[in-house]
Amino acid sequence: MREGSEPLLEIHDLVVRYGVATALDGVDISVRRAEMVALVGPNGAGKTTLLDTVSGLVAAAAGRIQLRGRLAQVPEGRRLFPEMTVEDNLRLGAWRVRDRRVDPVYELFPHLAELRRRKAGSLSCGEQQMVAVGRALMGQPDLLAVDELSLGLAPQVVDMLAAHLQDLNRRSGMAILLVEQNARLALDICSRAYVIEAGRIALTGPSEQLRRSPEVQAAYLGGAYEE
Amino acid sequence: MSLFLQYLAAGIATGSTFALVATGFVVIYRVTGVINFAQGVFAVLGGFLAYSLLHAGVAHGLAEGLAVAVTAAIGLAFGLVALGRRGTPPLASLIVTLGLAIFSYAVVITIWGDNPISYEGLSGLLAVGGVSMQRQYVLIVAAAVATFLALALFFGRTYLGMALTACSSDQRAARLMGIDVWRMGLLAFAVGGALGGLAGVLLTPLQPVEFDSDVGIAVNGFAAAIFGGLVRPATAFAGGLVLGVAEAMVAGYFRSSYETAIALAVMLGLMLWQASRRGPTEE
């Protein structure tokens with residue numbers, strides 16, 4: 001079978017429980033190669049649980065996850081190693097792969113090359129997010145999962161990072177799963193989206209179509225969406 | 001004055017061994033979240049193993065080195081038992097290390113009996129600035145400093161050491177990188193075993209060890225580690241030196257039976273002073 005004809009990530013009927021609480025209840029999601037897909041939903045809907053289950057940090061109670069490639073996650077809150085330098089943070093991202101050269105990341109984010117010897121904990125939130133994205137890229141992923149790219153960042157920084165992700169997707173064909181509370185951003189840069197609510201997929205479809213859905217407009221876009 | 005300097009030299013030497021034990025506590029705690037109550041056992045086993053190897057005719061240096069290597073392996077084995085299955089809570093592991101420490105008494109008594117042992121260290125005296133001190137003191141301090149520098153290089157410069165540091169910094173992030181935090185915990189236990197063993201082989205020529213000497217060694221090492229909040233190796237190292245010097249002064253000028261009690265009181269006072277400078281915690 002030719003590469004690319006199967007989805008890169010296929011999640012079927014996934015159930016995850018924390019004790020008696022059900023965090024995910026029969027979730028189906030798929031991401032094809034070179035696709036940008038958004039997963040939007042309110043706090044506590046199960047977005048991060050979904051990523052953690054795919055990453056192997058959380059065990060599934062039922063269902064099937066098939067990942068045909070490497071996954072790297074940019075975690076919510078960035079979670080850098082604050083006492084280490086930018087460069088050491090980046091290099092640790094390559095733990096699973098042999099190639100630890102950081103130059104490709106510096107080509108993508110030239111500003112990080114200037115900060116390479118700085119402690120990650122001393123950087124601004126936007127710079128830290130760049131390091132977090134760069135660190136995930138060091139794992140040479142086929143699928144980059146970004147958990148809350150925009151959280152706590154100034155709008156112009158978010159726009160810059162979003163442009164970088166789009167560029168990365170266009171140039172290298174890396175698939176991106178963008179997990180966001182900021183539905184406006186997610187629907188703007190991804191071609192397709194899932195809306196998750198209380199552990200279930202409530203809506204799915206092309207971003208264009210979801211943007212026009214009255215439910216999405218009311219719940220996530222603060223009323224009418226403006227072009 | 002020269003008496004004071006002699007006590008100081010002795011204190012720095014024993015303090016250096018406390019510092020090694022303390023660093024072992026810190027390395028294991030940072031990576032696994034477990035306070036290893038068997039940390040003093042590594043020192044006792046290091047002393048007994050070196051004693052046996054020396055009696056078997058193995059040369060000095062090699063015997064101590066082999067003893068340290070074996071205590072590293074014992075540390076790994078203790079880690080396997082204490083960390084158990086992935087996801088074992090640190091509190092459960094802590095209780096297991098306590099059990100392992102008690103179990104080790106039976107092992108030591110079965111193999112070596114219940115009499116204290118010692119062996120010759122570096123013999124002779126060395127005069128430094130008009131103060132004569134045992135060569136063994138100089139060896140201990142040099143070995144402790146070299147070990148500390150090597151650890152700093154290992155954790156700060158090598159990829160494996162950085163992965164260990166990552167585990168102690170943020171386990172969730174480390175796991176996302178694909179770092180196996182459980183295996184890193186085992187490695188931390190092996191490093192802790194080696195550090196304890198090294199303290200033991202250096203200390204035994206100065207203070208004979210017996211099966212239950214681990215309590216005194218662990219109490220001193222733990223007090224030094226607490227001085228650094230259990231997470232800062234450099235402060236723990238300094239804590240070990242402060243404790244060693246305080247004990248030597250108490251033993252020299254007052255009574256040796258008070259040394260541990262007074263030294264621990266000094267440590268408590270220092271910690272209270274540290275806490276008052278930091279102010280109340282946010283939690």
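Naming convention: chains lettered A, B, ... in sequence-line order (proteins, then strands); numbering from 1 in each chain. Small disclaimer: the values here were computed from a predicted structure and weren't measured.
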Would you say that Leu92(A) contacts Ile179(B) through its side chain, given a criterion of any heavy-atom pair below 4.5 Å between the two side chains? yes
I'd like to know which of Gly178(B), Ala163(B), Ser168(B) tops the heavy-atom pair count under 4.5 Å against chain A. Gly178(B)
About how many Å separate CZ of Arg100(A) and OH of Tyr159(B), when rounded to the nearest 0.5 Å? 4.5 Å
Pairwise side-chain contact, Glu83(A) with Thr165(B), heavy-atom cut-off 4.5 Å (strictly under): yes
For Asn89(A), is it the side chain, the backbone, both, or neither that has a heavy atom closer than 4.5 Å to a heavy atom of chain B? neither
Please give me the minimum heavy-atom distance between Leu160(B) and Trp95(A), naming the atom from each residue. CD1-CH2, 4.1 Å
Which heavy atom of Arg175(B) sits nearest a heavy atom of Leu57(A), and at what distance? NH2-O, 3.5 Å
Hey, are the side chains of Met177(B) and Arg135(A) touching, using non-hydrogen atoms and a 4.5 Å cut-off? yes
Whether over 12 other heavy atoms sit under 6.0 Å from Arg118(A) CZ: yes
Name the region of Ala136(A), side chain, backbone, both or neither, that has any atom closer than 4.5 Å to a heavy atom of chain B. neither
Side chains of Leu176(B) and Arg79(A): closer than 4.5 Å at any heavy-atom pair? no
Atom CZ of Arg86(B) with >12 non-hydrogen neighbours under 6.0 angstrom: yes
More than 12 foreign heavy atoms under 6.0 Å from CZ of Arg200(A): is that the case here? no
Highest number of heavy-atom pairs under 4.5 Å with chain A among Ala174(B), Ala166(B), Ala173(B) belongs to Ala166(B)
Atom CZ of Arg68(A): over 12 foreign heavy atoms under 6.0 Å: yes
How about Arg101(A): does its CZ atom have over 12 heavy atoms from other parts shown lying under 6.0 Å from it? no
